[in-house]
Amino acid sequence: MNAITKNEVAQSEAPMVTFTLNGREVSGREDETILDIAKREGIPVPHLCYMDGLEAVGNCRSCMVEIEGERVLAPSCCRHPSNNMKVVTDSERAVKSQKLVLELLQSDMPETEYTRHNEVDYWAGKLEVGKPRFAPRSQPVQDLSHPAIAVNLDACIQCTRCLRACRDEQVNDVIGLAFRGNHAKIVFDMDDPMGASTCVACGECVQACPTGALMPARDVALSVPDKQVESVCPFCGVGCQLTYNVKDNKIMYVEGRDGPANEKRLCVKGRYGFDYVHHPQRLTKPLIRREDAPKSGDFLMDPDNVMEIFREASWEEALEMAGGGLRKIRDEHGKKALAGFGSAKGSNEEAYLFQKLVRTGFGCNNVDHCTRLCHASSVVALLEGIGSGAVSNPVMDVAKAEVVILIGANPIVNHPVAASWIKNATKAGTKLIVMDPRRTDIARYAHRVLQFKPDMDVPLLNAMMNVIVTEGLVDKDFIASRTSGYEEIEKNVAEYTPEKMAPICGIDAETIRYVARLYATSKASMILWGMGISQHVHGTDNARCLIALSLMTGQIGKPGSGLHPLRGQNNVQGASDAGLIPMVYPDYQSVADAEIRSKFAKAWNVPEDSLDPNPGLTVVEIMHAIDRGEIRGMYVEGENPAMSDPDANHARHSLASLDLLVVQDIFLTETAYLADVILPASAFPEKDGTFTNTDRLVQMGRAAIDTPGEARQDLWIIQDIANKLGCGWDYKHVSEVFDEMRKTMPSIAGITWDRLEREHAVVYPCEKEGDPGDPVVFVDDFPTKTGRARFVPADIIPAAEQPDGEYPMVLITGRQLEHWHTGSMTRRASMLDALEPDPTAQIHPLDMAEMGIAPGDLVTIESRRGKVAMWARADEGTPRGAVFVAFAYYEAAINTLTNAALDPAAKIPEFKYCAVRVTPGGTEPVQSSYGGGKLLETALN
């Protein structure tokens with residue numbers, strides 16, 4: 001069964017049949033297998049090649065059953081029942097066949113056990129097979145070339161579960177079954193060592209393997225966990241559910257859980273990126289900067305020499321210096337002299353309390369977080385156009401779409417499990433249109449690839465709208481009944497003909513016409529986008545165009561259609577919903593609205609006039625306000641602006657010049673290195689709370705281990721700081737915070753803590769208790785005052801900085817598969833660091849040849865703001881004249897080069913475009929003590 005249709009098949013209305021199973025009458029759907037029905041009836045039938053979610057192939061023959069009237073036995077995993085059929089699973093003939101298969105397989109099992117869950121041994125024990133009578137075959141050599149996955153083909157039974165998991169579920173196409181007869185074996189690519197193959201270490205094969213032939217590289221599989229804790233992944237916005245296997249307060253390994261966003265799937269980060277929590281550099285005691293320690297934005301951080309800069313302190317001293325110091329600045333310099341950065345890595349409850357602290361404790365709205373640096377422009381455009389900043393449909397709706405446009409996003413790297421659903425959909429017939437200046441790996445699954453010129457999003461999208469308008473492909477009824485402003489957009493796109501825009505955007509006119517027609521005329525078209533759309537000075541305009549495309553064709557408000565900006569961090573959706581934004585309270589309620597302020601003043605039990613009616617400053621604006629002396633104190637919880645902000649050198653100098661910088665984190669990040677007080681906090685697997693994924697799913701995260709040393713829960717540190725500022729809070733449990741959120745946020749009012757404990761995930765909007773929640777929204781109207789969506793036209797606005805003779809190339813920044821955000825977590829995860837230990841610059845091979853650069857050579861990249869050195873990597877997908885660099889590497893901090901120019905509407909910086917020059921050679925990056933491939937040896941020892 002193809003995994004993409006699993007849920008649909010399970011809910012199908014296939015005819016029911018009645019038949020006899022082991023002498024008793026049973027019923028089932030005719031599209032179910034005999035094995036499925038037997039399992040449901042509690043009748044054990046051996047099976048090895050069968051696995052729920054994978055296509056049934058019937059190649060192990062361990063599930064053979066006898067059917068009356070048939071000469072041969074039948075594999076129950078592939079056979080469907082019919083009315084009046086008589087099936088026996090435990091007849092002498094069937095059991096003899098089952099036992100023989102298991103005995104033959106057992107004879108080839110190695111003496112060494114690789115897993116506690118060897119299914120051959122399990123079924124052999126159930127059927128009392130006994131010691132095998134047959135001599136084993138010669139055993140293949142073990143392959144330990146991969147940092148994360150051990151290959152033990154001596155335990156392989158060639159069930160092909162790994163192959164199908166790789167090919168059909170994750171669609172990575174790395175694993176195959178090669179050769180014939182006694183020489184048949186599982187291979188990786190062209191029979192390469194696994195470590196040299198194209199494996200992306202998602203671990204789906206490991207999770208599927210029934211014998212330990214594929215296992216985690218570390219000797220953890222035989223460890224019996226003390227407990228298993230159900231939680232969610234701490235990395236990207238997909239929100240995969242997982243299970244932590246814990247022994248002696250240490251996470252041993254992670255397994256995928258059957259959650260609504262992942263159905264047991266994980267990626268390399270979710271499966272192997274967990275041991276950062278046990279890293280020796282975890283902050284375990286409060287730290288205060290030594291009086292004689294220099295504080296400068298020019299620094300070379302060394303976490304191993306932390307005590308030369310800081311001294312240990314008691315919690316009482318640290319909290320007094322932090323909270324008392326912030327209070328003193330507020331009282332002496334005014335409420336707007338303070339600012340706070342919250343975190344999208346933390347829970348909804350932490351985000352809610354943090355913004356409440358800034359608004360009631362500081363007395364201003366100077367609160368922001370990383371959404372400002374990723375999807376602020378998407379949110380602004382969505383709120384403006386359709387009245388909601390959230391997605392209209394879940395990612396899995398790609399399975400119901402005829403056409404999917406993926407623009408400015410690289411989900412194979414940034415959202416790997418979401419990418420697997422897209423790849424599944426293309427195999428089932430969905431037409432994928434990839435639009436991006438870079439030709440990324442997902443392009444090989446595309447129906448059409450539009451590799452347009454960097455910065456030319458609006459010309460391309462307006463040209464598509466021109467085709468739709470001039471050819472009469474608009475949905476007139478939808479426009480008339482559910483939108484406003486169409487005449488303005490129709491007039492605006494009139495001059496954007498494909499012929500005029502083709503030389504500007506780099507896509508020929510006929511391709512533009514074809515894609516526009518395809519999108520407009522399909523029964524269901526969906527648009528997904530990423531930060532390639534949002535991180536521009538015209539990011540809001542880019543999103544406005546995508547919204548307009550959807551509205552003019554009526555491709556919204558139904559399954560398989562709509563708009564989905566893929567969220568980058570695990571809780572960036574939830575943190576935004578909870579009000580960690582300077583312009584709005586929770587649920588995007590304007591701080592400038594007197595009625596809304598009155599509502600929150602009552603909910604928070606504060607005087608109405610104590611709430612600031614003016615929107616606060618955003619991330620980059622706060623840095624400039626520090627330079628002007630307007631902001632003198634900051635509280636940073638779980639953010640790392642010294643690495644993530646554009647023109648990072650400027651950000652570092654601003655942070656260093658504060659009178660007081662309080663940082664709450666789990667590691668000595670680049671930002672914490674500049675702090676006056678450091679408060680050791682809780683890592684993701686150490687806390688209880690809710691998290692909201694990119695699909696609007698509110699999910700329960702659970703503490704699996706204890707915090708190390710004197711580190712405390714983020715939620716209670718925030719409360720302690722708030723009380724130092726006079727807030728007088730007394731929350732006893734995280735559920736009390738969630739309950740307060742429900743009362744101020746209509747979108748989640750119907751979701752109770754008890755329900756989340758039971759169901760693990762509930763989608764919003766869910767406004768009344770008992771409501772199921774709405775996966776697809778905007779079905780009948782839009783959440784605007786009129787109920788209508790609004791068209792907003794956009795024209796060409798060039799990037800703030802263009803290439804020239806001195807800086808002739810374009811820098812594009814982003815993420816990579818193995819590392820996440822600023823690398824503070826993933827570069828301390830041993831497996832992830834071993835897979836990608838060093839910073840690289842991806843450059844087109846022809847550009848490299850012109851510059852005299854070979855792959856692996858050291859290169860220097862320089863902009864008007866700084867320069868960094870790293871190693872060159874040839875990449876044909878990077879356009880000529882551009883260079884792509886991930887921003888996770890401290891020793892090559894690429895954001896020291898990026899431009900802090902802002903989108904005027906969303907105040908988001910232009911990370912995706914600035915002018916640079918690339919030259920051969922340079923000073924080799926100084927590797928930090930937690931990077932450079934050093935962690936694997938530590939972990940293995």
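Under the side chain to side chain donor-acceptor pair (under 3.5 Å) criterion, Asn393 pairs with Asp397, not counting sequence neighbours. Under the side chain to side chain donor-acceptor pair (under 3.5 Å) criterion, Tyr50 pairs with Asp36, sequence neighbours left out.
Around the CZ atom of Arg180, the shell of radius 6.0 Å holds no more than 12 heavy atoms that belong to other residues, nucleotides or ligands. When the shell of 6.0 Å around NZ of Lys250 is examined, it contains 12 or fewer heavy atoms from other residues, nucleotides or ligands. Atom NZ of Lys96 has 12 or fewer heavy atoms from other residues, nucleotides or ligands within 6.0 Å. Few gaps surround NZ on Lys227; more than 12 heavy atoms of other groups in view lie less than 6.0 Å from it.
With a 4.5 Å cut-off on side-chain heavy atoms, Gln699 and His760 do not count as touching.
Using cut-offs of 30° and 60° for the angle between ring planes, the Trp820 and Phe235 rings count as perpendicular.
By the 4.0 Å N-to-carboxylate-O rule, Glu818 lies too far from Lys269 to be salt-bridged with it. Between Arg93 and Glu66 a salt bridge is recorded (basic side-chain N to carboxylate O distance below 4.0 Å). With salt bridges taken as basic N to acidic carboxylate O contacts below 4.0 Å, one links Glu757 and Arg702.
Tested against Thr198, the residues Asn172, Asp173, Asp441, Asp189 include a single side chain to side chain donor-acceptor pair (under 3.5 Å) partner, Asp189.
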